[in-house]
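Side chains included, hydrogens not; waters and symmetry mates left out as well; all remaining heavy atoms used. We're numbering straight along the sequence, starting at 1.
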Amino acid sequence: MRTQLPDLQIAGRGNTLGEQVHSRLRGAILSGILKPGQKLSVRALANSLNVSMTPTRDALARLIAEDVLKQGSDRTVFVPVLDISEIDEVFNLRCLLEVKLAEQALANVSKSLAPALKRIQNKLVRSFDAHDYKGVVAQNFEFHFTLYEAANAKITLKVVENLWLRAGPMLNLLYPEFDRTRSGVLKHAAILECVEKGEVSRIGMAIQADILGAKAELIRVVSDRDEIFAHAYRITATV
């Protein structure tokens with residue numbers, strides 16, 4: 001089923017229109033605007049981005065070549081869905097790298113970082129209160145990358161960005177369940193407290209708890225979904 005596309009009027013970087021479209025689509029994937037399994041048509045994306053079909057088609061082809069998007073046998077382009085082993089691998093790698101970025105960010109910390117993170121956290125909570133889960137996923141991305149960019153470690157940040165291209169859409173599957181527990185909000189509060197107090201020794205554990213908590217919940221959600229599909233298949237096979 002082809003899902004209705006959101007408005008993708010987000011900022012893009014690049015000298016050419018094609019580069020800007022590519023950047024804007026990457027941004028939509030990174031921040032979870034696009035969902036796992038979502039099918040993408042050139043025409044719908046071009047309309048959403050308010051550009052012509054040629055740069056949109058070129059950007060999709062580039063993202064497929066980068067293994068960010070997938071193309072089916074019928075040439076349908078879609079956002080990939082990670083299986084459990086892929087979730088485990090991606091989130092474990094995130095732990096290793098994002099702990100280092102967070103620790104380095106605190107070593108370089110400026111007075112503006114904590115207030116910036118607090119503003120994003122407040123927006124995230126308001127999105128929770130409004131049951132705006134797209135906003136929650138986007139602000140979660142903004143929170144993490146505002147912190148990591150302060151590390152001034154461009155190569156590591158690029159690797160982490162590539163991991164988020166796989167993980168970002170999958171985070172949509174955490175909601176609305178995460179709204180009930182709001183465990184992610186509490187874990188962000190722990191990260192924010194470390195930034196405010198300049199506690200380099202604790203922030204690694206806070207980042208790790210946030211990432212591994214999301215991983216455990218995501219694996220549970222995917223396992224439950226797979227079991228539902230398998231059960232439905234078994235029923236169909238016996239009819």
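- When all heavy atoms are compared, the tightest approach of D67 to K70 is OD1-NZ, 2.5 Å.
- For the atom pair N50 CG and L45 CG, the distance stands at 13.0 Å (nearest 0.5 Å).
- Rounded to the nearest 0.5 Å, atoms CD1 (I211) and CZ (R94) are 4.5 Å apart.
- The main-chain N or O of P169 is found under 3.5 Å from a side-chain atom of N172 such that the two form a donor-acceptor pair.
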### Query
Can you list the steps and then say if S52 with T54 is a side chain to side chain donor-acceptor pair (under 3.5 Å)?
CA-CA 6 Å; S52 67; T54 299; 4.8 Å; no
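- Note on L171: it clusters hydrophobically with I84, by side-chain heavy-atom contacts below 4.5 Å among ILVMFWY residues.
- Residue V125 is grouped with residue I120 when hydrophobic side chains (ILVMFWY) are merged at heavy-atom distances under 4.5 angstrom, including chains of intermediate members.
- At a threshold of 4.0 Å, the pair D132-K123 does not count as salt-bridged, since none of the basic side-chain nitrogens sits closer than that to a carboxylate oxygen.
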### Query
Run the side chain to side chain contact (heavy atoms under 4.5 Å, CB included) check on I203 and L147 step by step: do they pass?
CA-CA 11 Å; I203 196 166; L147 173 60; 4.2 Å; yes
### Task
Determine, stepwise, if the pair E89 / L93 fulfils side chain to side chain contact (heavy atoms under 4.5 Å, CB included).
CA-CA 6 Å; E89 182 178 4; L93 285 170; 4.2 Å; yes
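- Nearest heavy-atom pair, E217 versus F178, reported as atom, atom and distance to 0.1 Å: CG-CE1, 3.4 Å.
- The backbone N or O of E142 sits less than 3.5 Å from a side-chain atom of T146, completing a donor-acceptor pair.
- A salt bridge links R220 with D224: the distance from a Lys NZ or Arg NE/NH1/NH2 to an Asp or Glu carboxylate oxygen falls below 4.0 Å.
- Looking at heavy atoms from C-beta onward, I29 lies in side-chain contact with L69 at the 4.5 angstrom threshold.
- No single ILVMFWY cluster, assembled from side-chain heavy atoms under 4.5 Å apart, contains both L173 and F78.
- Tested against I219, the residues I87, D83, L82 include a single side-chain contact (heavy atoms from CB on, under 4.5 Å) partner, I87.
- Taking the six-membered ring where the residue is Trp, H144 and Y148 present tilted rings, their angle falling between 30° and 60°.
- Considering only heavy atoms from C-beta on, N152 stays 4.5 Å or farther from E149 through its side chain.
- Between F143 and H188, the ring planes lie parallel to each other; the angle is under 30°, not in the 30° to 60° tilted range.
- The structure places CG of N140 at 6.5 Å from CG of D210, a figure rounded to the nearest 0.5 Å.
- Using a 4.5 Å cut-off on side-chain heavy atoms (C-beta onward), Q104 and N108 make contact.
- The shortest heavy-atom contact between V200 and A107 is CG2-N, 4.4 Å.
- Shown here for F91 and A214, the closest heavy-atom pair between the two residues is CE2-CB, 4.2 Å.
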### Task
Let me see the working for L25 and L49 under side chain to side chain contact (heavy atoms under 4.5 Å, CB included), right down to the final yes or no.
CA-CA 9 Å; L25 286 175; L49 292 162; 4.2 Å; yes
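- Residues G204 and V99 share a closest heavy-atom pair of O-CG2, 3.5 Å.
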#### Entry: salt bridge (Lys or Arg N to Asp or Glu O under 4.0 Å) between K39 and D74, intermediate numbers included
CA-CA 12 Å; K39 295 180 181 179; D74 59 354; 5.7 Å; no
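- Atom CZ of residue R43 and atom OG1 of residue T56 lie 11.0 Å apart, to the nearest 0.5 angstrom.
- L212 and L96 are assigned to two separate hydrophobic clusters, defined by single-linkage of ILVMFWY side chains at heavy-atom distances under 4.5 Å.
- You'll find the side chain of E66 reaches within 4.5 Å of the side chain of R26, heavy atoms only.
- Taking CD of E161 as the start and OG1 of T156 as the end, the distance is 12.5 Å to the nearest 0.5 Å.
- With a 4.5 Å cut-off on side-chain heavy atoms, R24 and V51 count as touching.
- Side-chain atoms of Q38 come within 3.5 Å of backbone atoms of K35 as a donor-acceptor pair (strictly under, hydrogens ignored).
- Ring geometry for Y133 against F128 counts as perpendicular: the plane angle is over 60°, on a 0 to 90° scale with 30° as the lower cut.
- Note on L63 and V159: same hydrophobic cluster, where clusters join Ile, Leu, Val, Met, Phe, Trp and Tyr whose side-chain heavy atoms are under 4.5 Å apart, directly or indirectly.
- To the nearest 0.5 Å, atoms NZ (K215) and CG (N92) are separated by 4.0 Å.
- Summarising the geometry of Q71 relative to V77, their closest heavy-atom pair is NE2-CG2, 4.1 Å, with the distance given to 0.1 Å.
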### Task
Take V160 and F145 through the test side chain to side chain contact (heavy atoms under 4.5 Å, CB included) and record every step on the way to the result.
CA-CA 9 Å; V160 169; F145 275 77; 3.9 Å; yes
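- Counting heavy atoms from C-beta outward, E177 and V221 have side chains that stay 4.5 Å or more apart.
- Side-chain contact between S31 and V137 is absent, with no heavy-atom pair separated by less than 4.5 Å.
- Two residues are said to be in side-chain contact when any heavy atoms from C-beta on lie closer than 4.5 Å; Q139 and K134 fail this criterion.
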